[in-house]
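One structure is given below, encoded as structure tokens.
In what follows, chains are A, B, ... by sequence order, proteins preceding strands, each numbered from 1.
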Amino acid sequence: MSGKSRYWLVKTEPTSYSIDDLARDHKTYWDGVRNYQARNTMRDDMSVGDKVLFYHSNANPPGIAGLAVVTGPPIADHTAFDPEHKHFDPKSRHDRPTWMMIELGFVQKFDRFISLDELREVSGLDDMVLLQKGSRLSVQPVTEAQFHRILEIASTIMSESLTYQTFPLNSSAKPALIS
DNA sequence: GCCAACGTTGGC
DNA sequence: GCCAACGTTGGC
């Protein structure tokens, strides 16, 4: 096992595929990525078990909606082979696929999403790829420290939401650590 | 809808 | 290899 990041962030427009869709499907192929750097990340660096922040872009507000996990290794993105498909790419051939995808499994939907504004405000996340000017990568690395900082924020959010309930706090209601 | 910041394409 | 034109991303 290499020393590369085991934490990632993926972007998706919720109108096309949201955290609720992933919760419903339990897992999904992360197809349609048509950027070489993102492709390389999926092909070369992601492995089953890696932890993933699930980000809603072009949303109101944009932000991290929950957690996912890599459940399937990189394989050819079959949508590139289908001339009828929106993401068809004639360059990609079965014997030498241009585009790859991994499979993602649902872990958790946050009670309240962590908005982009909030991510910019809190400490410890200044270096996140997501927050860099002009950053548009749809699959990007996250450091272990950044990942745990975000779980910390999510955990605070989860306990805040519990204070509105009338029954006793249930300690198991915190975000589950995936390991 | 606007538009900044990229990434890709293709003529040369 | 250069770079202008074009297409896309994604916040606002």
Interface residues of residues 127-140 of chain A with DNA chain B (non-hydrogen, below 4.0 angstrom): A:K133, A:G134, A:R136
Whole angstrom is fine here: how far is it from [atom1] in [X] over to [atom2] in [N]?
X: A:K11; N: B:dA5; atom1: NZ; atom2: P; value: 15 Å
X: A:Y36; N: B:dT8; atom1: OH; atom2: P; value: 7 Å
X: A:E13; N: C:dG10; atom1: CD; atom2: C1'; value: 7 Å
X: A:N35; N: C:dG10; atom1: CG; atom2: C1'; value: 14 Å
X: A:R39; N: B:dT8; atom1: CZ; atom2: P; value: 10 Å
X: A:D89; N: C:dG7; atom1: CG; atom2: P; value: 16 Å
X: A:N60; N: C:dC12; atom1: CG; atom2: C1'; value: 9 Å

Along DNA chain B (nearest heavy atom to each residue), the more 5'-positioned of A:K91 and A:N58: A:N58
Any side-chain to backbone donor/acceptor pair from [X] onto [Y]? Under 3.5 Å, distance only.
X: A:D21; Y: A:S18; answer: yes
X: A:Q140; Y: A:L130; answer: yes
X: A:E152; Y: A:F147; answer: no

Residue pairs fulfilling salt bridge (Lys or Arg N to Asp or Glu O under 4.0 Å) with at least one residue in residues 64-83 of chain A, sequence neighbours excluded: A:R34-A:D77
Aromatic centroids of A:F54 and A:W8 separated by under 6.0 Å: no
Mutual orientation of the aromatic rings belonging to A:H56 and A:F113 [parallel < 30°, tilted 30-60°, perpendicular > 60°]: perpendicular
